[in-house]
Every structure is written in C-alpha cells, then in structure tokens.
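A short write-up of the structure that comes next.
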Amino acid sequence: MKQLTIILLIIFWGRTELLFSQQQISPEELGLKIHYGKIDFSKLSSRQKDTIAINLFTIDDSFMDIAVYQKSKSEIVIYKNLGNGYLELYKSFPVSKEVRKIEATIKEDYPIYLPPAFDLKILYSDGEEYILENKKINSSGNNDLSKAPLRNFLDDPKIFLYEFEFIKTWESFRNGQPVPTFVAGDVDNDGRNELIYTFYPVNDSAPQFIPARIVIFENYGNNLYRKDWDTTLASGGGAGFVPHLTDFDRNGQKEFFAVAYDAFSNVNITGLYECKGEGKYLFYTAGEFFFQGALTDVVLVDTMKIINNSRNAGIWVNYYPSGFPSNFFNKIQAYIYTGKSDIPGFLGFYFQNADFGPNGIRLNNDNVYDIEVYDIDEDGKDEIVLGNTIFGTGGIEYLDSTGSGIYSGYEYKYIEANAPVSAGRIILKDLDNDSVKEIITCGIGSGSGSIGVIKHTGLPGENLFQTMWWDTNDIFAAPNRNSDSNTINDKFTILYPYVFPSPTGSDASYYFNTYALNGIYSFNRTSKYFGDSAGSQRAILIDMDKDNKMSIISAIRYDRFVSGNTFLTDYEIGNSIGISNFNIGIAENHKLFQNYPNPFNPNTKIKFSIGKDNYLQKQDVKIKVFDILGKEVKTLVNEQLSEGSYETEFNASNFMSGIYFYTLTINNKLIQTNKMLFIK
C-alpha cells in the first residue's frame with residue numbers, strides 16, 4: 001500500500017492532526033501507540049481519551065474502528081478499520097458547538113445475538129448530550145436506511161459458470177444481511193450434506209436487520225440443493241450461531257449451537273437445535289450459557305479437562321460482553337456437558353460452568369476474533385490460542401494453563417514471530433504427523449495479510465516456537481472472517497478468503513486463495529478465484545455433493561450499502577484440477593519410532609517399520625533429516641524396501657546443537673515426522 005501524502009498539518013490540543021489527500025491512514029498518524037499490533041490504551045493521553053473513541057462503529061466486520069473529534073473543523077470523523085494496519089475515512093458528521101468528550105455506547109436492550117454495533121455519545125462543553133446512532137453512522141446517505149425489496153430467495157436458485165479453477169455452480173438469492181457463521185455437513189445422517197445458514201432478514205429498524213433466521217439447504221445431487229428446514233416454520237422462530245456440528249449426548253443425533261428467538265415471550269434463548277430426522281429440528285435450551293453479549297467464536301472439544309478431568313464433551317465461548325462502557329474487550333468462558341432433558345415443555349441441555357469466576361476470562365486490551373484450544377506446548381494442558389493482532393505485524397498470543405496469573409489461572413504468553421506473520425484466523429493441524437499440531441495463522445500484517453506455520457520447538461511447557469513457513473505476497477488482510485482447510489489432490493490445503501476494498505470505499509473485490517502443502521513446511525498457491533462481489537462473511541472448503549470435487553461455500557453480498565443483495569454460493573473445483581486417490585496400495589501400519597537415545601551426542605538410532613503393500617513387493621522408502629528451519633540436512637535412507645522392521649543411524653558430529661526433525665516417506669507420501677534433540 002502506497003504511503004499517503006501529507007497536505008496539511010494543524011496543531012491542536014498538544015498533538016498533530018493530519019489531513020490527507022487520500023483516504024487511508026495508519027493509527028500512528030492519529031497519535032496512537034501500537035504495541036504488538038494492537039493499540040496500547042495505557043499510552044493514551046487524557047486529551048486523547050476525551051477526543052478519540054475506539055470501538056465497533058461500522059458494520060460488515062469485527063474490527064475496532066476509530067472516531068475522532070476534530071476541533072479545528074468542528075466535526076466528528078469515523079475511520080473504518082480495514083484490518084490491514086490502515087484506516088479508511090468512512091464518514092464525517094458536523095457538530096454545531098464545542099465538544100468536551102466522545103465515547104462509545106450501546107443500548108441496554110441491544111439484542112445479544114447480534115454483532116455489536118456501537119452508537120457514539122457526544123458530550124458538549126455546555127453539558128448537553130447527543131447520541132449519534134449506529135444506524136445513522138452506517139446509513140448510505142443523509143437519509144435513514146431504506147428497506148430493500150423482498151424476494152423469494154429460497155426458491156430462486158441460479159446457475160453461473162466461469163472458466164476458472166473454482167466455478168460458481170449454485171447460488172440461492174436471499175434478502176438480508178448474512179452473519180459470519182454457517183456450517184456444512186451431514187446433519188441428519190442420511191448420506192447427504194446440508195448447509196446450515198444464518199442471516200438477518202431485512203428490517204429497517206437497525207443496520208443488522210433483525211430478527212435473524214436459520215435456513216437449512218440439503219444437497220440432493222450434483223450441484224443441486226433444496227430447502228430442507230426454516231426456523232420460520234418452527235415454533236417461536238429463531239436466530240442462530242452455527243459454526244459447528246456435534247453430538248453432545250452421544251445419541252447419534254447431531255446438534256448445532258444457536259440463540260433462538262421466542263416470539264411468544266419476546267426474549268432470546270441460548271441453546272442447541274437437535275436434528276430429529278429429515279427436516280425435523282427441536283430446540284433445547286441451555287440455561288447455563290448466562291453470558292450477555294455477542295458471540296465471536298465457539299470451539300467444541302471432545303473432552304473437557306477443566307472440571308475434574310471430565311470425559312464429557314465441552315464448549316469454549318468467545319464473546320463481547322454487553323453492558324461495559326467504551327473500549328470493552330472479549331471474555332472467554334468454558335462449559336462442560338453434564339446432561340439432557342427430553343421432557344416435553346422442559347427440553348434442555350445442561351452444562352457446568354468452568355470455575356473461572358463470575359466474569360470468566362476477561363482479556364484486557366484485547367479484541368479477539370478467533371480462538372483455538374489445544375496443548376500447543378506439549379505440557380499435557382490445553383492452551384487458549386488467541387487470534388487478535390490487527391494494526392501491525394506481530395506474533396501469536398496465547399493463555400497458558402499454569403494455575404496462576406490474572407486470567408483465572410491462565411498466564412498470558414507471547415510467541416515472538418521470526419517472520420512477518422501475525423494472528424488473525426487460526427487453524428491447528430498436525431502437518432508433519434508427529435502427534436503435535438502446528439499453528440497455521442491467516443493473519444493481519446502492516447499493510448497486507450500474512451499466512452504462516454508456527455511449530456513448537458522447545459521442551460514440554462517451554463515457550464519456544466519457530467515460524468517454519470510464511471507468505472505475504474499479494475495477500476490482503478481484511479475483512480477476513482475466517483480461514484478453512486481440507487484435502488485437495490491428496491494435499492492439505494488452506495482456504496484464505498479476503499476482500500480487497502476499492503479506493504472509493506463503495507465497492508470491493510472478493511478473492512479466494514488456496515494454498516496446498518508442498519513438502520514438510522511449505523505451501524504453494526494453487527488457485528486464486530476472483531468473485532464479482534463486494535464482500536463476504538465466511539468461506540469453507542467441503543465436497544458438498546460427494547463427487548470428489550471440493551467446493552468453496554461462501555456468503556456474498558454485491559454491495560455493502562444494499563443489504564438485501566446477498567447470495568449463499570457453491571464454487572466447485574473445475575476440471576482443470578483433477579482429484580486422484582493416491583492412497584491406493586498404501587498400508588496403514590507403517591511406523592517411524594522415536595530415536596534413541598534422545599537427547600543424543602553425537603549418534604542416535606532410528607527404527608522404522610514398513611507395512612505390507614497389496615500391489616507392490618518393494619516400496620520406495622526415504623528417511624530424511626531437517627533442521628529447525630525446515631532445510632534438509634541429511635538423507636539417511638533412500639532405497640526400495642520390502643515389508644519388515646529396519647534401523648538406521650544418524651551421526652550429528654558435523655552439525656550444530658539444537659532441534660532436528662526426521663521424516664519417513666513411502667512412495668512419495670509423507671508418513672510421519674518426529675523431533676529429536678542434539679546436545680554437544
């Protein structure tokens with residue numbers, strides 16, 4: 001992104017106000033201090049605290065925007081956070097008299113299931129107050145938002161074909177604003193995949209268009225969909241937050257997490273919908289989810305280790321708490337499933353609140369977009385990995401379960417990145433088959449996006465990580481509501497969706513990038529699809545019609561100011577990329593054992609076993625050694641071997657002390673990677 005030309009400097013109130021010939025500036029140019037990619041609120045002067053408000057003012061994303069009172073021009077300026085380290089001049093509002101203070105505020109009755117959209121409270125020097133409503137901040141002009149025309153989007157699918165690697169094969173025109181959560185999978189166990197989609201039908205009473213609604217589309221053939229279920233058909237209607245499918249009670253019937261709207265009592269009820277068969281869904285309340293605020297992320301785990309080492313499934317919730325003043329930050333809470341009631345009139349799932357105290361884990365000075373829960377440092381306890389860096393290139397933050405610290409027994413720790421990557425959206429995946437997942441971050445850098453793979457390279461519990469691979473080439477950062485992964489051509493593939501805003505701010509281009517694993521810690525960009533749209537909320541990779549062709553499912557809006565113009569879309573991989581099954585003839589009982597001794601100096605032995613192949617008498621076997629940066633340093637085995645057990649030896653006398661990795665590859669397929677420590 002080009003540097004902007006300063007055309008005027010005006011000194012006011014002890015700081016410099018910068019006006020630009022173009023619309024994009026950095027937070028530093030507003031006098032804000034950035035630390036590890038976030039605004040350092042401890043460095044705000046008293047004058048800045050009165051004249052700058054930082055919160056969620058603009059719609060379409062979850063990035064913290066900035067409102068500034070410019071005394072010299074008698075106006076309030078809203079800067080939209082682009083999520084790439086820069087701000088965009090969004091709107092300006094004149095004020096008729098001197099302002100003493102501005103601050104973010106939200107209505108007490110703001111619906112908890114909606115993404116938070118803050119009003120701006122203006123306190124004048126004469127004591128008068130004025131509320132600049134979020135609806136007016138995000139209006140398309142001086143008039144209030146108009147109501148978009150209603151359309152029969154559920155029964156109006158259209159087909160568009162383009163000559164790209166991913167081609168649009170289905171879309172369902174709909175009327176309303178999408179939310180960044182939908183899920184795909186075989187919900188009703190009938191062998192066909194469904195799409196669970198949540199959106200806000202048009203209502204001009206608020207920018208978010210409430211009440212919300214869930215629709216389930218079922219795939220019944222090659223790129224064919226039908227409407228299977230709709231919350232308007234269910235008792236009480238509904239709203240939803242559905243990023244995952246699960247089966248908490250292990251009864252074979254899947255559930256998805258939701259926030260339902262009860263039309264009879266006019267209240268929101270948190271709980272789960274359980275599938276009772278094709279087109280049949282029953283809502284169960286979950287009263288233990290007492291949090292008040294908009295959900296950001298939900299993480300399901302098979303076993304919650306938090307409460308008495310339970311073996312039951314559990315849920316981690318990341319949310320914005322409501323009721324806090326301006327500049328509030330995320331909370332994280334955990335719940336463990338304990339039981340269920342199927343009594344008519346008392347349907348409910350029961351959860352036990354993790355012992356984090358009444359406030360959960362409240363993160364100071366953090367606006368978290370994504371969390372993952374996993375033992376990333378190999379100490380036997382789960383860490384909470386945070387996706388929260390936004391205004392610059394930084395590293396990865398996580399909460400380590402140490403039993404001490406201000407975060408309810410979790411200690412804040414920081415992974416210093418040795419590459420220009422930062423957190424944003426996070427995937428955890430064991431890329432090298434060593435039974436430890438690496439951190440794949442699709443993050444937000446200074447001026448651009450970034451993708452990186454970070455691996456734990458220290459002893460158990462040690463905060464020592466290494467960035468093994470990264471890429472910042474032609475990757476834009478925002479808005480990027482998620483990233484996803486799946487297997488294409490037998491290779492682990494990352495999906496990176498992003499929106500590139502136009503210079504005018506009125507429209508944008510939408511891109512899907514895919515990156516396929518190429519080697520141990522390396523990825524190649526395999527496609528770049530241009531979507532003729534203005535925005536996206538979310539994208540996932542899945543073979544919807546089970547024809548061995550991967551699809552990208554996404555919700556697309558064609559104009560950020562026309563909220564009814566939105567599609568749920570299926571982009572299927574084209575004929576230019578074939579799907580082959582490379583697993584034929586590969587035995588499952590290949591094994592690479594831990595080297596011994598370990599640590600070692602300078603010799604160590606490595607045992608491995610080759611399983612029987614149904615097609616080949618001898619198989620192509622390679623064992624290679626790599627340093628901590630992923631550079632190959634030694635080939636120990638490279639020959640044709642029959643079924644059996646073998647042993648080789650590695651002499652490291654000519655190498656430096658440190659951590660090394662060794663891999664077993666059979667017939668050009670990576671089987672397993674182990675870690676070893678050489679100490680002179």
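- Put simply, the side chain of Leu363 does not reach to within 4.5 Å of the side chain of Asn388, judged on heavy atoms.
- Minimum heavy-atom separation, Ile427 to Ser485: CG2-OG, 4.0 Å.
- Classification of the Phe256-Trp229 ring pair by plane angle, with boundaries at 30° and 60°, yields perpendicular.
- Considering only residues two or more places apart in sequence or on other chains, Lys254 meets the side-chain contact (heavy atoms from CB on, under 4.5 Å) condition with Asp186, Asn189.
- Residue Gln333 comes nearest to Ala354 through the heavy atom pair OE1-O, 3.7 Å, listed as atom of the first residue, atom of the second, then distance.
- With respect to Lys413 and Asp377, no salt bridge is recorded, no charged nitrogen being found less than 4.0 Å from a carboxylate O.
- Using a 4.0 Å cut-off between charged side-chain N and carboxylate O, Lys675 and Asp434 make no salt bridge.
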- Would you check, one step at a time, whether the test side-chain contact (heavy atoms from CB on, under 4.5 Å) holds for Ile214 with Ile196? CA-CA 7 Å; Ile214 301 173; Ile196 306 177; 3.7 Å; yes

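- Note: Leu459 CG to Leu464 CG = 8.5 Å, rounded to the nearest 0.5 Å.
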- Task: Would you sort out whether Phe182 and Ile540 count as a side-chain contact (heavy atoms from CB on, under 4.5 Å), showing the intermediate values?
- Result: CA-CA 9 Å; Phe182 58 86; Ile540 58 177; 3.7 Å; yes

- Verify side-chain contact (heavy atoms from CB on, under 4.5 Å) between Leu44 and Ile52, making sure each step is shown before the conclusion. CA-CA 9 Å; Leu44 291 178; Ile52 296 178; 5.6 Å; no

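- Looking at heavy atoms from C-beta onward, Ser450 lies out of side-chain contact with Trp470 at the 4.5 angstrom threshold.
- Here NZ of Lys455 is found 11.0 Å from CD1 of Ile439. Values are rounded to the nearest 0.5 Å.
- Between Phe523 and Trp469, the angle of the ring planes lies from 30° to 60°, which puts this pair in the tilted group.
- Within the 3.5 Å criterion, the main-chain N or O of Leu568 finds no donor-acceptor partner in the side chain of Tyr197.
- A side-chain donor-acceptor contact under 3.5 Å links Glu438 to the backbone of Leu431.
- The two residues Phe492 and Ile494 make their nearest non-hydrogen contact at CE2-CG1, 3.9 Å.
- Here the closest heavy-atom approach between residue Ser401 and residue Asp382 is recorded as CB-O, 3.6 Å.
- One finds the CG atom of Asn482 at 15.0 Å from the OH atom of Tyr369 (value rounded to the nearest 0.5 Å).
- The shortest side-chain heavy-atom distance between Tyr414 and Asn463 does not fall under the 4.5 Å cut-off.
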- Task: Please step through ring pair (Phe, Tyr, Trp, His ring centres under 6.0 Å) for the pair Tyr281 and Tyr273, ending with a clear verdict.
- Result: CA-CA 6 Å; Tyr281 294 85; Tyr273 280 100; 7.4 Å; no

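- Atom CD in Glu416 sits 10.5 Å away from atom CD1 in Ile454 (nearest 0.5 Å).
- A side-chain hydrogen bond (donor to acceptor under 3.5 Å, both in side chains) with Thr58 is found for exactly one of Asp65, Asn134, Asn81, namely Asp65.
- A distance of 12.0 Å separates CD in Gln352 from OH in Tyr335, rounded to the nearest 0.5 Å.
- The pair Lys80-Glu88 does not meet the salt-bridge criterion, since no charged nitrogen lies less than 4.0 angstrom from a carboxylate oxygen.
- In this structure, Lys340 does not pair ionically with Glu255, as no charged nitrogen and carboxylate oxygen lie closer than 4.0 Å.
- When atom types are taken as modelled, the side chain of Ser341 and the backbone of Phe346 share a donor-acceptor pair closer than 3.5 angstrom.
- Looking at Leu541 and Ile552, their side chains come closer than 4.5 Å, going by heavy atoms from C-beta outward.
- Minimum interatomic distance between Asp370 and Gly424 (heavy atoms only, all atoms of both residues): CB-O, 3.4 Å.
- No donor-acceptor pair closer than 3.5 Å links the side chain of Asp297 to the backbone N or O of Asn318.
- For Ala313, the side-chain contact (heavy atoms from CB on, under 4.5 Å) partners two or more places apart in sequence, or in a different chain, are Phe248, Arg250.
- Inter-residue side-chain proximity for Glu383 and Asp375 is flagged as met; some heavy-atom pair is nearer than 4.5 Å.
- The minimum heavy-atom distance linking Gly185 with Leu245 is given by the pair CA-CD1, 4.1 Å.
- Thr105 contributes no side-chain N or O that, together with a main-chain N or O of Asp119, makes up a donor-acceptor pair within less than 3.5 Å.
- Under the 4.5 Å side-chain criterion, counting only non-hydrogen atoms from C-beta, His456 is in contact with Glu378.
- Side-chain contact check for Phe257 versus Thr246: every heavy-atom pair is 4.5 Å or farther apart.
- A donor-acceptor contact shorter than 3.5 Å links the side chain of Asp247 to the backbone of Gly252.
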- Take Ile376 and Phe465, measure what side-chain contact (heavy atoms from CB on, under 4.5 Å) needs, and give me the verdict at the end. CA-CA 10 Å; Ile376 60 171; Phe465 294 82; 3.9 Å; yes

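- Using a 4.5 Å heavy-atom threshold, the side chains of Phe349 and Glu274 count as touching.
- Rounded to the nearest 0.5 Å, atoms CD1 (Ile553) and CG (Leu195) are 5.0 Å apart.
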